[in-house]
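Input: a single structure, listed below in structure tokens.
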There are 2 protein chains.
Amino acid sequence: MLEFRLVQGSLLKKVLEAMKDLVNDANFDCSSTGFSLQAMDSSHVALVSLLLRSEGFEHYRCDRSISMGMNLNNMAKMLRCAGNDDIVTLKADDGGDCVTFMFENPSQDKIADFEMKLMDIDSEHLGIPDAEYQSIVRMPAAEFARICKDLSSIGDTVLISVSKEGVQFSTRGDIGTANIVCRRNTTVDKPEEAVIIEMEEPVSLTFALRYLNSFTKATPLANQVTISMSSDLPVVVEYRIEDIGYIRYYLAPKIEEEDEAAAAAEAFSRTETEPKHTAKAKPKADLKPKVEPNPESEMKIKEDKVSITEIKDEDNKTVLEINDEEKNSPVESKAEEETNTPKEPKIETMELE
Amino acid sequence: MLEFRLVQGSLLKKVLEAMKDLVNDANFDCSSTGFSLQAMDSSHVALVSLLLRSEGFEHYRCDRSISMGMNLNNMAKMLRCAGNDDIVTLKADDGGDCVTFMFENPSQDKIADFEMKLMDIDSEHLGIPDAEYQSIVRMPAAEFARICKDLSSIGDTVLISVSKEGVQFSTRGDIGTANIVCRRNTTVDKPEEAVIIEMEEPVSLTFALRYLNSFTKATPLANQVTISMSSDLPVVVEYRIEDIGYIRYYLAPKIEEEDEAAAAAEAFSRTETEPKHTAKAKPKADLKPKVEPNPESEMKIKEDKVSITEIKDEDNKTVLEINDEEKNSPVESKAEEETNTPKEPKIETMELE
DNA sequence: TAGTTAAACT
DNA sequence: AGTTTAACTA
């Protein structure tokens, strides 16, 4: 028996709006400590990780851990039927193949319940390494969203460069170029407007704006966003959900094209002479973990079972592999249905447990 | 070297939104006195004229007059990246082929610069006669916009009839007819709601609503709109931009169809028996200027060099030609790329200087 | 996939 | 009324 009650029902609505564009189907993992989800986007380029801790709920009961496969689009549709001030209750029987959403409006005179069929989603549980990052930027979530949206009207990718003084976003497209600089700004009286840079090493990385724009669907969940970057790790874009958890997005950086390589050279310690090969053919011996997993990490996974791999595929795109050493053959998620041409660097498999 | 700074950056955003639907590419003419643009719409039916005087800018520097060809859609895209409260600076080097837009947010912690390639647009400089008009209507810009939008759901054209008491907008379509009358109303306490009629002679003219609806994109720039009409001149729809200039739209009236001819008969002294012919094939000798240029006119151009010609093309549509007598062959703008079927009356060439 | 238009919310 | 978001169309 699983049952939890969330007074601020709009929170769950926003969480689903923040995931449904990126992920079609995913397992919600419920345990006594809370409610979590990890899933790769349908083209296996980005990864979403959600955590809602049990303490954040008004009432939380989970007799035994269960994994509920849901179509996020359908779940979002149902949650859209809840008013923003409604109290949302989610119920599921242990053996059942259904989940029930119950919405109570504030005056308790309207009670709705929606039942949704669960799905059997054969997804590996993705463990995510909690690495140390060379640069961490905290800035207003709305501002980051605005920048990504604006730049995507000029170009397809953004080069994010962090220095002690601030963070610069730049792009280039057919109609011209754009450069946006956000200066470090630790305004004390308005913490939600602060731009905070924690930099150990300057970083310059390029990302596909298409995915960043998907990530910013989480903007209504938090005032601030945290962008954590290291040269050879996927960027982490985190929205902390007050008192209850977070939603995090991971995206592998793109390799610069020749003409942009110079600008990125200092940030990338990668050798430009590295031979190209296909991701699948890449021998394990060539793997070059750049960042050791943090031993202090809160990760549930064992670090010695994780390797982060960066290789180039035939299109000179980056492929990051984070592999369980006991499972050397990457397993494609069977939930994958889309026929996207894989132009993006792929986080091929994040099966870490 | 050209550089100007506009504290109210949203103004430039609105100006571009007000032009981009009508004009693809145009030259911005910058001189020490200000910033101006004249361009015909892509089907050569309507004309836009923009003026932003140097006094309206916080800082204005233009060492020598230059003409910068821009794609208005791309320029609008870039300006959309400016916040509404941003300070906008435009810069261009004299010899350069680029223009730079710089946006500073009010707290100065976010600075963006956008660079856009200039185009070589081979457009004649359009001089526009400043005629006297038989009827001038001033009314709230939002009300005019609403009327044009509403009527365009009924019909394609609007008959605007001005009398001392007010102005009437009427249309007819498959589903019925519509009539909107705005009474003269010089409310003293709310000047922005006034409807003011300056009438020397009653006027009834028909215009394509499609174009008027494009013109009303300028509504956010001004509280009031001025509509100046004479029987055989293009209507002028003017939005004054406070403290800095104006945007004006010109559109030739349509000839009434048979069933509507009666209503317009008094306004048009045209003979219904005039034979039909194609605009281009029409020999010069057949042109019948209907209205002599007003000798009292404030026009800057010499009247004897101007002829206003009204002819019908094969579709029984009006074509107004305002020709310099020294240039008998109408010159198509080379910026013209669209392949619109020229169903609308054309202001063929407005080269009057 | 991008742009535009309509609708809903603030 | 303005702004932001969603849905539809090209």
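So you know, we letter chains A, B, ... as the sequences are listed, proteins then strands, and number each from 1.
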Partners meeting ring-ring contact (aromatic ring centres under 6.0 Å, His included) with [X] (sequence neighbours left out):
X         : result
Phe101(B) : none
Phe207(B) : none
Tyr249(A) : Phe215(A)

Exercise. Could you give the NZ-to-P distance, from Lys14(B) to dG2(D), as a whole number of Å?
Worked result: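 Lys14(B) atom NZ is separated from dG2(D) atom P by 8 Å.
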
Problem set entry | Arg146(B) CZ - dA1(D) P separation (whole Å) |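 My rounded result for the distance is 10 Å.
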
Exercise. Asn84(B) side chain N/O closer than 4.0 Å to the phosphate oxygens (OP1, OP2) of dG2(D)?
Worked result: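 No, because none of the side-chain N or O atoms of Asn84(B) sits under 4.0 Å from OP1 or OP2 of dG2(D).
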
Sub-3.5 Å pairs of nitrogen or oxygen atoms, protein against nucleotides 1-8 of chain C:
| unit_1 | atom_1 | unit_2 | atom_2 | d |
| --- | --- | --- | --- | --- |
| dT1(C) | OP1 | Arg210(A) | NH1 | 3.1 |
| dG3(C) | OP1 | Lys77(B) | NZ | 3.1 |

For this session: Please list all pairs passing the side chain to side chain donor-acceptor pair (under 3.5 Å) test where one or both residues lie in residues 144-155 of chain A, with sequence neighbours left out.
Result: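 As it turns out, the side chain to side chain donor-acceptor pair (under 3.5 Å) pairs with a partner in residues 144-155 of chain A, which skip direct neighbours, are Arg146(A)-Asp150(A), Ser152(A)-Asn213(A).
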
Problem set entry | Those residues that, when tested against Asp85(A), pass side chain to side chain contact (heavy atoms under 4.5 Å, CB included) (two or more places apart) |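 Residues passing side chain to side chain contact (heavy atoms under 4.5 Å, CB included) with Asp85(A): Pro106(A).
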
